[in-house]
Amino acid sequence: MRDTELYRHLLGLVAPWEVGRVELSVADGRVDVWVRHPRLTRFACPDCDTQLPVYDHSAGRTWRHLDSCAFLTFLHASPPRVRCGEHGVRQARLPWAEPHSRFTTLFERLAIDVLGACDVASAAGLLRISWDEAWHLMDRGVARGLAAKPLAVPAHVGVDEKAAGKGQDYITVVSDLDAGTVEFIADERRQASLDGCFDQFTGEQLEQIQAVAMDMWEPYATSTRAHLADAENKIVFDRYHLMGYLTKAVDTVRKSENRVLAAAGDKSLTGSKYLWLYSAENLPERQQDRFAELRASDLKTARAWAIKESLRHFWSYQRRGWGAKRFKRWYFWATHSRLEPIIDAAKTLKRHEAGLLSYFAHRITNAGAEGLNSRIQAIRVSARGYRNREHFKTAIYFHLGGLQLYPATP
Ligand SMILES: [Zn+2]
């Protein structure tokens, strides 16, 4: 088999395209393949598929293809142009690459697999492309996926804010809690951020949304009320966020108590910060004895922690009525604790009681969606190299959007 014939097969070229010339440079570790078509070949207008004679050729272009053994492989061609009576002078479609790509379709497919399996820097290294090229391929995959994605209305929506960069830079992430996919990402965490998601849907589609899990963040609640009928029964304040408020309150109690004790030379609480942040079942074994002792003490912090942990049971009730009763008792205990941070947190929860109790109608939580939160966090951590918010958004869509990222193969 002549090497031109071999490369026609390796490149998956179909008539009228054929390999004209192959050049191997051992010193550079690369193979260059020139592709051509016979004279008088007719090509289709890319807009209307009318077969037309070649009008002229664009300047020669180069595409990176899958390596041949360990040799970087490049395909070269001058794309033919046709002149369509209706659409003017247009470049014919090339079977090996999507328009404007500098990579062949087969290379893009490989790149998407590699990018899906490791971080961008490692993928760039493995694929022997630059960091910017790797991002470009990721962007293209996401753009392709978003364009092809049918508009689906999630029955259970999760809304969450994510820190995107330094300081107060946030994005709003909207997920489908049943599918475990990220459906929509917007800048910042304003009412308008979430409006953008709801505004994609018709009034009829919005009726299909049964519940929205969120933090007690007024702009999100306002947006939901503006778009959904009966929103008060559809907004579910997320249990992990609620527990987070209580955990913060416990920490505040600990800080001030520790200050008082330490001033009197008592070091009971010194270095105990992280013990109080764990839930009882997640405490590392080597810490269990010390923590058991602290919990059993008459420290204010121990009392605050017990109140916090007690709220956890609220979500295990089967019926709303029992949950409501439980909350009432808990609220009484918390507000009579004489612990200011706990009293404040309890009052905040009380003001949002409807959104707590609506949990029993829907039983949804943001943390449930196949660990979406921790996966976004992992993307963020592995993304110290993300130079900007747009990259962070692209990576979330790429890994968690449930998108069809591949280009179509001929
Ligand atoms: Zn045409």
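Heads up: numbering here begins at 1 and tracks the sequence.
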task: Please find out if less than 6.0 Å separates the ring center of H336 from that of F332.
output: yes
message: Using the rule ring-ring contact (aromatic ring centres under 6.0 Å, His included), only one of F327, F314, W315 pairs with F360; which is it?
response: F314
Main-chain N/O of W96 paired with T105 side-chain donor or acceptor, under 3.5 Å: yes
- request: Determine, for K328 against E353, whether the closest basic-nitrogen to carboxylate-oxygen distance falls under 4.0 angstrom.
  value: no
message: Is any side-chain heavy atom of S337 closer than 4.5 Å to one of I343?
response: yes
Partners meeting salt bridge (charged side-chain N to carboxylate O under 4.0 Å, His left out) with D199 (sequence neighbours left out): none
Less than 3.5 Å apart, which donor and acceptor atoms pair up between the side chains of residues 35-48 and the rest of the protein, not counting sequence neighbours?
unit_1 : atom_1 : unit_2 : atom_2 : d
R36    : NE     : E18    : OE2    : 3.3
H37    : NE2    : H57    : NE2    : 2.8
T41    : OG1    : P38    : O      : 2.5
R42    : NH2    : Q51    : O      : 3.3
D47    : OD1    : R90    : NH2    : 3.2
D47    : OD2    : R90    : NE     : 2.8
D47    : OD2    : R90    : NH2    : 3.3

query: Does the ring centre of Y170 sit less than 6.0 Å away from the ring centre of W217?
result: no
message: Once salt bridge (charged side-chain N to carboxylate O under 4.0 Å, His left out) is applied, do any residues pair with E23, and if so which ones, sequence neighbours excluded?
response: R21
- prompt: Do the rings of H76 and F74 sit parallel, tilted or perpendicular, given the 30° and 60° boundaries?
  reply: tilted
query: At their closest point, which heavy atom of D176 faces which heavy atom of A179, and how far apart are they?
result: OD1-N, 3.0 Å
query: For Y55, is the NZ or CZ atom of R81 found under 6.0 angstrom from the centre of its six-membered ring and inside 45 degrees of the ring axis?
result: no
